[in-house]
Amino acid sequence: MENQDLKGMSASKAAPNDRMLTGIPKQDIGCHYSSLTDYLDKAVGYNPKMLSTIDDLIMQFHLGAVTKQVNGHHGTVLPRISRNDKVVGGSVLYFDTGSGAVLQREALVEHLYSWYCFSYYVDSEVFFGEHLLSNKPVAIVQEEKTALLGTLAEPTVDWLAVGEGSNLTKGMMSKLAGRRVVLFPDDMSCDYWTEQFGKQFKVDCGFVNRDINRYLIDTIRGRGSP
């Protein structure tokens, strides 16, 4: 039996609260250039400074990749990591590198041990990017790629993503009480986010009929540097 199999078996036997991530060593991040990073490279116009910033982004968000392809595009590993450095879930997304459209979404757990080599437990109320929260203002968006583009376009803001509008819960938002927060829903979640969270947080529906990703890309290219 391979050592990797032993790691998986050992972790699966651990009690949920003992399945902790103490850190993700750089050497354990698999082949991190994926369909999403190819898309980001194209989005920033292959600007050398921005390409270096994307490399930093990969490490900050612990992005990985899988060898499996969908329509010729390698899957991107997008882990969700809690504030106390526990991997609590995530997705493997296959992006069209030209348009950025999601071709397929898979659960992270199937790829976890082979690409990250640490234990796993589930918490559905953790944002993508939550482990990077600081004292900056917070922007909440739908897609993980939007949070990454936002971080490139406006690094003075902490960008969080929910993946899908229905994933945003009161438990998640309660962690942001007292912070400066703006929610940017899409057309499918604007009414729900406004109804559920509009009394406590600012909900900006200005991108309901406007592509927020295009806006962020234009911002990045207009500035030309991080």
Heavy-atom side-chain proximity of [X] to [Y] below 4.5 angstrom:
X: Leu160; Y: Leu176; value: yes
X: Leu133; Y: Arg83; value: yes
X: Thr37; Y: Thr76; value: no
X: His73; Y: Phe95; value: no
X: Leu93; Y: Leu36; value: no
X: Val181; Y: Lys202; value: no
X: Trp193; Y: Gln142; value: yes
X: Leu148; Y: Phe128; value: yes

For the pair Gln196 and Val203, evaluate side chain to side chain contact (heavy atoms under 4.5 Å, CB included) and give the outcome as yes or no after the intermediate values. CA-CA 10 Å; Gln196 294 296 316; Val203 180; over 6 Å; no

Over 60° means perpendicular and under 30° means parallel, so classify the ring planes of Trp159 and Phe184, tilted if in between. parallel

Worked check of side chain to side chain donor-acceptor pair (under 3.5 Å) between Asp38 and Ser35: CA-CA 5 Å; Asp38 289 344; Ser35 56; over 6 Å; no

Rounded to the nearest 0.5 Å, what's the gap from [atom1] on [X] to [atom2] on [Y]? Could you check?
X: His131; Y: Phe61; atom1: NE2; atom2: CZ; value: 6.5 Å
X: Ile81; Y: Glu130; atom1: CD1; atom2: CD; value: 10.5 Å
X: Leu152; Y: Leu216; atom1: CG; atom2: CG; value: 9.0 Å
X: Ile212; Y: Ile217; atom1: CD1; atom2: CD1; value: 11.0 Å
X: Gln69; Y: His74; atom1: CD; atom2: NE2; value: 4.0 Å
X: Asp187; Y: Cys205; atom1: CG; atom2: SG; value: 10.0 Å

Please report the C-alpha distance between Asn213 and Glu143 in whole Å, then the side-chain angles of each, then the deciding distance to 0.1 Å, and finally whether the side chain to side chain contact (heavy atoms under 4.5 Å, CB included) criterion is met. CA-CA 9 Å; Asn213 297 314; Glu143 298 181 278; 3.3 Å; yes

Consider only side-chain N and O atoms of Asp186 and Ser189, and report whether a donor and an acceptor are under 3.5 Å apart. yes

Using modelled atom types only, decide if a donor and an acceptor are shared between the side chain of Thr53 and the backbone of Lys49 within a distance under 3.5 Å. yes

Treating Asp158 as the side-chain partner and Ser134 as the backbone partner, does any N or O pair qualify as donor plus acceptor under 3.5 Å? yes

Any link between [X] and [Y] through a network of hydrophobic side chains (Ile, Leu, Val, Met, Phe, Trp, Tyr) touching at under 4.5 Å?
X: Val162; Y: Val208; value: no
X: Met59; Y: Leu51; value: yes
X: Met188; Y: Phe207; value: no

Less than 4.0 Å between a side-chain N and a carboxylate O, is that true for [Y] and [X]?
X: Arg214; Y: Asp218; answer: yes
X: Glu106; Y: Lys68; answer: yes
X: Glu144; Y: Arg80; answer: yes

Which heavy atom of [X] sits nearest a heavy atom of [Y], and at what distance?
X: Gly100; Y: Lys145; result: O-NZ, 2.6 Å
X: Pro79; Y: Val77; result: CD-O, 3.4 Å
X: Ser34; Y: Ala65; result: CB-CB, 3.6 Å
X: Ile140; Y: Met173; result: CD1-SD, 3.4 Å
X: Arg179; Y: Asn135; result: NH1-CA, 4.4 Å
X: Thr97; Y: Lys42; result: O-CD, 4.0 Å

Please determine whether side chain to side chain contact (heavy atoms under 4.5 Å, CB included) holds for the pair Lys170 and Phe197, giving the CA-CA distance in whole Å, both sets of side-chain angles, and the decisive distance to 0.1 Å. CA-CA 8 Å; Lys170 291 182 179 179; Phe197 311 111; 3.9 Å; yes

Walk me through whether Val92 and Leu78 qualify under side chain to side chain contact (heavy atoms under 4.5 Å, CB included). CA-CA 6 Å; Val92 178; Leu78 295 157; over 6 Å; no

